[in-house]
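Quick notes on the structure that follows.
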Amino acid sequence: VQLQASGGGLVQPGGSLRVSCDASGITLDYYAIGWFRQAPGKEREGVSSISSSSGKTYYADSVKGRFTISRDNAKNTVYLQMNTLKPEDTAVYYCAAASANPRTFWAPVAEASYAFWGQGTQVTVSS
């Protein structure tokens, strides 16, 4: 099982980025997916998650209204669209997968729910 996060980079405050999580070795149809981030000197925190059915999503208060999580099961990929980025969004962003079957409306927040993790992609918001 491999999760590959990509799409990070350097962006100015107020800008946008879309990070992707590509999966191999598993079929994402049966997994809830979460995005987490870790800033330098801080603990990893949950950013967003989406159920296997896409019927339920979760957003941390700090990103609500700015970030949108979506998934394309046909492509085995989950996306995190990040708009109106702020310097405090600077972090390494990780995606993770949690076996959900048959909980199709389960979008877990706790890290302990996730069995598979990607390697992370750096997002830097700076002028």
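FYI, the numbering just counts along the sequence from 1.
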Discussion item. Looking at S49 and G34, would you say the former's side chain and the latter's main chain have a donor-acceptor pair under 3.5 Å?
Written reply: no
Item to complete: Examine distances only and state if a side-chain atom of N76 and a backbone atom of A23 form a donor-acceptor pair shorter than 3.5 Å.
Response: yes
All heavy atoms of V47 vs all of Y93, minimum pair found to be CG2-CE2, 4.4 Å
**Asked** Would you say Y59 has more than 12 foreign heavy atoms packed within less than 6.0 Å of its OH?
**Response** yes
When rounded to the nearest 0.5 Å, the distance separating OH of Y30 from CG of N73 is 9.5 Å
Does any part of the side chain of S48, heavy atoms only, come nearer than 4.5 Å to the side chain of L80, both counted from C-beta?
yes
Going through the distances and angles, do Y31 and I50 end up as a side-chain contact (heavy atoms from CB on, under 4.5 Å)? CA-CA 9 Å; Y31 288 81; I50 187 167; over 6 Å; no
Report task. Can you label the angle between the W117 ring and the F36 ring as parallel, tilted or perpendicular, going by 30° and 60°? Result -> tilted
(request) Consider only side-chain heavy atoms of I, L, V, M, F, W and Y, link residues closer than 4.5 Å, and tell whether V92 and V63 are in one cluster. (result) no
Nearest heavy-atom contact between A91 and A39 is CB-N, 3.8 Å
Separation between OH (Y58) and CH2 (W35), nearest 0.5 Å, reads 16.0 Å
Hits for side chain to side chain donor-acceptor pair (under 3.5 Å) against S70, two or more places apart or cross-chain, chain-then-number order -> none
To the nearest 0.5 Å, atom CZ of R103 lies from atom OG of S53 at 12.5 Å
Note to self: Would the distance check show the side chain of Y94 and the main-chain N or O of Q38 forming a donor-acceptor pair, the cut-off being under 3.5 Å?
What the structure shows: no
Taking every heavy atom of S51 against every heavy atom of R71, the minimum-distance pair comes out as O-NH1, 2.8 Å
| query | NZ of K64: more than 12 outside heavy atoms within 6.0 angstrom? | reply | yes
Would you say the side chain of K75 lies within less than 4.5 Å of the side chain of S20, judging by non-hydrogen atoms?
no
Are V78 and Y114 joined in one hydrophobic group, where the rule is that I, L, V, M, F, W and Y side chains link up if heavy atoms are under 4.5 Å apart? no
Here the pair of heavy atoms bringing A98 nearest to P108 is CB-CG, 4.2 Å
Q | Minimum side-chain heavy-atom gap M82-R66 below 4.5 Å | A | no
The side chain to side chain contact (heavy atoms under 4.5 Å, CB included) partner of L17 among T121, N83, L85 is L85
Rounded to the nearest 0.5 Å, the CZ atom of F67 sits from the OG1 atom of T57 at a distance of 14.0 Å
Checking I69, T68, I33, D72 against Y79 for side chain to side chain contact (heavy atoms under 4.5 Å, CB included), the one that qualifies is D72
Sorted by chain and residue number, the side-chain contact (heavy atoms from CB on, under 4.5 Å) partners of T124 (sequence neighbours excluded) come out as L10, T90, Q122, S126
Checklist line | E88 CD: over 12 foreign heavy atoms closer than 6.0 Å | finding: yes
Item checked: Salt-bridge present (D89, K86; N to O < 4.0 Å) -> no
Donor-acceptor contact below 3.5 Å, side chain Q119 vs main chain A5: yes
